[in-house]
Amino acid sequence: MAAIKHRRTALERVEKFLSDTYFTDCNLRGRLFGDRCPPASLSYFQTPRRIPYEEAVVQEFRPAQVGESFGPTWETCWFKVELSIPLAWAGREVHFVWESDGEGMVWRDAQPVQGLTKEGEKTSYILTRSLKESEPHSLTLYVELACNGLFGAGKGSMIAPPDPDRRVTLSKAELVVFNRDVYELLVDLEILLDMAQLLGEENQRSFQALYTANQMVNVCDVMDPSTFPAARDLAAAIFSQRNGESQHTIHAMGHCHIDSAWLWPYEETIRKCARSWVTVVHLMEHNPELTFACSQAQQFEWVRSWYPGLYARIQDFVAKGQFIPVGGTWVEMDGNLPSGESMVRQFLQGQRFFQEQFGRICSEFWLPDTFGYSAQLPQLMHGCGIQRFLTQKLSWNLVNSFPHHTFFWEGIDGSQVLTHFPPGDSYGMHGRVEEMLKTVKNNKDKGRVNHSAFLFGFGDGGGGPTQKMLDRMKRMSNTDGLPRVQMSTPDQLFSVLEKESSQLCTWVGELFLELHNGTYTTQAQIKKGNRECERILHDVEVLSTLAVAQDSVFQYPASQLQRLWRLLLLNQFHDVLPGSCIQLVVEDALQYYTEIRRAGAQLQEEAVQSLCRDLLQPKARSTQSTLVLNTLPWERTEVISRPGPDGTETLALVTVPSMGYALVQEPFVPPQPVAVRKQEDGSITMENGVIAVCLDTMGHLTSLRLLDSGRSVEWKEAHKFLKVEFPVQVRSTNATYEIQFGHLQRPTHWNTSWDWARFEVWAHKWLDLSEHGFGVALLNDCKYGASAHRNILSLSLLRAPKSPDSTADIGHHQFTYAVMPHRGSFQEAGVIQQAYNLNFPLHAVPASCAQCPAWSAFSVSSPAIVLETVKQAEDRPEAVVVRLYEAHGSTVTAWLQTSLPVKEAILCDLLERPAVQGRLPLEQQGLRLSFTPFHVLSVLLVLSR
């Protein structure tokens, strides 16, 4: 009668019956494990390197003991564990239990079989579910232990810089008898207790669950397993009471978000993938209903290279539809800072990998943990075969609550994708009642859709799903009082959402995260490396493509470029490029940029030598002729410099055609300083040393190096933020910022919370503040953080945070920004072109010939169209892919002209798949291309040889 009279007493009774803290000598929890037995032998070998199994097991091992500590941080200990299972345990379920502060992996018969991480609730490896006499009772396991936790080794807090001297303690290593009947009863009671507590006193289902749990305690004698079935029958009666047809359906999918680098280096991520995924595969072998959504082609490639046996098992489960590749990108990249072409390559490399390895591309973009999402992404998704998008990061907003969980997201070109945020606001659920109820209650699109995603499994540092998570959800599959829970797939979820989509709302523009704004600026050397390497690979591709067209002997460096692109794409991971990572990761990233610069310079030189073979001088010969190459799609008149005969810098003004070259024949001369002045005809000349802006009477730029400032800074600050601000005499309620393949406007006022939450925003090469007839643009060569408040343009230069890298940005920095006053609109003034010019300098090489006609490979008739990319087609060496976009925000028809021997032109998507009826006529004026605002267009040009 106690349960009827006093609810709290009954709750307390059930809680203590399950407690792992109180009364374990006599409660049910204390009976989970039976007899225990230590290993017959325990020994270890320690190394600072992450070595393969074959190398580890032949080392000299020395004795180890439970209770001993190992380290320091980032070391690896290999343990040899010799086990002897007692004969008396026949018929029992036997586990090997391992508990430590580090991340472990069990190896058996030279293969990884189980991840062991206390933080991920994985501390046992099942040796047998029922010990048979025929099974081996003596066996040897190896445990590979990383001396770091699931979230690295932060000193004092998770995101603090790693403690270099941290040690991990081995607290358990033993054989145990696992009482499966006790475990099942515990899970039953946990679900009922949660229902009783969380459904609330006003809900009769809460009391039904509580009374049933109390009755189970009455029935159950923990010392007598024969009483357990009756207790379980009581629970089953509750769980089998069904929902009505209108109940919300939760689509549960296993998930294990693994940051490719964050609080640990890239190399450790390789092992995190193996530890997590081998555990998932093991679960699938015993739970055929389990599905697991897994993103990031790079991580698949790591496992393929380092763990081929595990990868083969993964391929089998992919074929069965359980292990599901998602996302379509090389890594889960930052959603703001990579260039438009870099984002295309994320999809191109990712989708091609999934097609080659698994016979299919991904149909949904999967980016749950990135610091905001560019308004150009919907179009890029469409171009890569994707019309569905899943994330949850905007639930982290600091100021405004995003108004939807399921909606259509529309990009700057008008492309729409069906977008879903799991209403539980997490990608690492544990299958608990509380999470199910939150998913339903929190859903902001009630009445519009009745289905939602539920991603379960430990994440960020890996780990993934557990058996207990699965067992919890099995009991909640269709239980009155709770939402309906079913194991599902991304395709099943989005398919039903598409059927329910008629009433969905549309969000237009960027998905701006109101948090982590400092990531646009932190780790300036990484930002600079990204921008420079994007430029290097662009130039290598342009020059190599032209060299192939001009020289039948030259071989396009496809494999080298793929390797370099993949390094760059890896560094665009959402904790690397934003700078939210530890120092070890920064060091790795900068090393990769150095490799791209070195290899890129070599490839560029080879392409130029081939392209201009007859024009370039032998190294021993002296001449003042210079060949100047332009990799941008418009004619450029600029000042270039080169060392003179006496070692001093000399300059010359040169005009180079679009995507081509010209010879500078006259001698270089030193520059003469010119004052800033307004001419009588209304034109303006502004010069600072060799840096000048000249505007004609119409406001058109006639020559440039702008009012720019090349800065060299020795930065030694702590918790400081360096910005440069320009108060300008311009009034406008909106400023314009360059994003991938276009631009967007953001308010310069703080009228609403949505406005002032964007106190710091991101931009690429330029931002502009204009009123009718006049404006000022701010250009840069390697910065991303910016703002425009009222009439002040601001560019963020350097930060000095102390976590998770205490050395962030300390050191020497060089960067350039430029102020460009202009008449007319920024489109008319050529701001876009000048920002490109600042980021893509001309290439000057010594030449041997006295005369050479200027040569252009490509030109575009409209200044609104930017020819962004020229590269060899992925699968057709005889074809070239050109990618163009509309940059002004206008509807326009343009002619693409080329001197290359084109015999066929076909429209294609971003994966380079020809469009149906995409063949274009070759006309005398070139190719006629039609654009709507910010439209990205790719064309396959088949060359005649």
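Defined by atom type and a distance below 3.5 Å, a donor-acceptor pair is present between the side-chain atoms of Q299 and S260.
For the pair T466/L470, no side-chain contact is recorded, criterion being any heavy-atom separation below 4.5 Å from C-beta on. In this structure, the side chains of S276 and I258 come closer than 4.5 Å at one or more pairs of heavy atoms. With contacts defined as side-chain heavy-atom distances shorter than 4.5 Å, the pair F17/L189 qualifies. By the 4.5 Å heavy-atom criterion applied to side chains, M253 and M487 are not counted as neighbours.
When each of L482, T479, T212 is paired with F239, the side-chain contact (heavy atoms from CB on, under 4.5 Å) condition holds for T479 and for no other.
Using cut-offs of 30° and 60° on the angle between ring planes, the pair F33 and H95 is perpendicular. Classified by interplanar angle (parallel below 30°, tilted 30° to 60°, perpendicular above 60°), the ring pair F323/W277 is perpendicular. Between F389 and F365, the ring planes lie parallel to each other; the angle is under 30°, not in the 30° to 60° tilted range. Classification of the H420-F494 ring pair by plane angle, with boundaries at 30° and 60°, yields perpendicular. Taking the six-membered ring where tryptophan is involved, the planes of H257 and H574 are essentially parallel, since the angle between them stays under 30° and well short of 60°. In this pair, F178 and Y183 present their aromatic rings tilted. The plane angle is within the 30 to 60° band.
With a 6.0 Å cutoff to the six-membered ring centre and a 45° limit on the axis angle, K16 counts as a cation-pi contact of Y22.
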* Would T21 and R29 count as a side chain to side chain donor-acceptor pair (under 3.5 Å) if you check the C-alpha gap in whole Å, the side-chain angles of each, and the deciding distance to 0.1 Å? -> CA-CA 9 Å; T21 303; R29 181 77 60 182; over 6 Å; no

* To do: Could you walk me through whether W264 and D259 pass the side chain to side chain contact (heavy atoms under 4.5 Å, CB included) test, one step at a time?
  => CA-CA 9 Å; W264 52 86; D259 288 316; 3.7 Å; yes

* To do: Give the intermediate values and the outcome of side chain to side chain donor-acceptor pair (under 3.5 Å) for residues T370 and D334.
  => CA-CA 6 Å; T370 289; D334 180 76; 5.9 Å; no

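Pairs passing the salt bridge (Lys or Arg N to Asp or Glu O under 4.0 Å) check and including a residue from residues 490-507, sequence neighbours excluded, read R388-D491, R388-E498. A salt bridge (Lys or Arg N to Asp or Glu O under 4.0 Å) check over residues 272-293, counting only residues at least two apart or in different chains, returns the pairs E103-K272, E103-R275, E268-R275, E285-R313, E289-K474. Applying the salt bridge (Lys or Arg N to Asp or Glu O under 4.0 Å) test to pairs two or more places apart or on separate chains, none has a residue in residues 417-436.
Applying the side chain to side chain donor-acceptor pair (under 3.5 Å) test to D445 and every residue at least two apart in sequence or in another chain returns H404, R448. K444 pairs by the side chain to side chain contact (heavy atoms under 4.5 Å, CB included) definition with S401, H405, not counting sequence neighbours. Residues satisfying the side chain to side chain contact (heavy atoms under 4.5 Å, CB included) criterion with E174, sequence neighbours excluded, are R36, V97, K172, V176.
The main-chain N or O of E99 is found under 3.5 Å from a side-chain atom of S171 such that the two form a donor-acceptor pair.
Close placement of the F421 and F407 rings is indicated, their centers lying within 6.0 Å of each other.
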